[in-house]
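Only one structure is covered here, and it is reproduced in the block below.
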Amino acid sequence: MGFAIGLLVGIVSGAIFLVLLRTVTLARLGAGEVLTVIAQMSAIPASWFCGSWLTSALFAAIPLEALAPSYVAGLLVSFLAVVIVPLYYWLWRVARDWKQ
């Protein structure tokens, strides 16, 4: 059960990360707006491990110690599967632009 939940959360948060990355890349943002987007990106891990969903009644009967290892594995696999290639190309493009 933990792996499936990790997959779901990883896919959703990976998609959110890519949307925020696209916003920073394509929009002409000022420093304040960029800081806002960075703050939103940094809030993603907080929702992974201490969101209100974790302490809901749905998971009250499941010990978190039993759920955590498979949850983290599913989260890692799905998040990286969603973001690794777009993030690599984004970093390559940024490095190329800075070089010029």
Side-chain angles (χ1 to χ4, degrees):
M1 182 167 150
F3 191 79
I5 295 168
L7 284 176
L8 178 65
V9 172
I11 290 169
V12 170
S13 58
I16 291 169
F17 180 82
L18 291 178
V19 167
L20 292 172
L21 190 63
R22 184 175 172 93
T23 301
V24 168
T25 303
L26 297 179
R28 302 234 182 242
L29 301 176
E33 290 90 4
V34 170
L35 288 176
T36 301
V37 172
I38 290 172
Q40 291 170 344
M41 284 182 180
S42 66
I44 292 173
S47 68
W48 289 346
F49 298 111
C50 52
S52 61
W53 65 272
L54 190 60
T55 57
S56 67
L58 178 65
F59 296 107
I62 302 171
L64 292 178
E65 297 81 21
L67 184 70
S70 59
Y71 168 73
V72 171
L75 179 65
L76 179 67
V77 166
S78 60
F79 183 78
L80 288 179
V82 170
V83 303
I84 196 74
V85 172
L87 186 60
Y88 171 78
Y89 283 116
W90 181 80
L91 289 171
W92 181 76
R93 193 170 40 233
V94 167
R96 186 189 63 200
D97 291 344
W98 281 355
K99 187 178 176 183
Q100 294 176 356

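Because the structure is a prediction, the values reported are computed rather than measured. Heads up: numbering here begins at 1 and tracks the sequence.
With sequence neighbours excluded, the residues satisfying side-chain hydrogen bond (donor to acceptor under 3.5 Å, both in side chains) with S13 are W48.
Side-chain contact between E33 and V37 is absent, with no heavy-atom pair separated by less than 4.5 Å.
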For residues 74-92, dump all side-chain donor-acceptor pairs below 3.5 Å to protein atoms at least two apart in sequence or in another chain.
unit_1	atom_1	unit_2	atom_2	d
S78	OG	G6	O	3.3
S78	OG	L7	O	3.2
S78	OG	G74	O	2.9
S78	OG	L75	O	3.4
W90	NE1	T25	OG1	2.6

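The cluster map of Ile, Leu, Val, Met, Phe, Trp and Tyr, joined by side-chain heavy atoms under 4.5 Å apart, puts V12 and F3 in different clusters. Linking ILVMFWY residues whenever their side-chain heavy atoms come closer than 4.5 Å, directly or via other members, places L18 and V94 in the same cluster. There is no path of hydrophobic side-chain contacts, each under 4.5 Å, that joins I11 to V19.
Residue L8 holds its CG atom at 8.5 Å from CD1 of I5, rounded to the nearest 0.5 Å.
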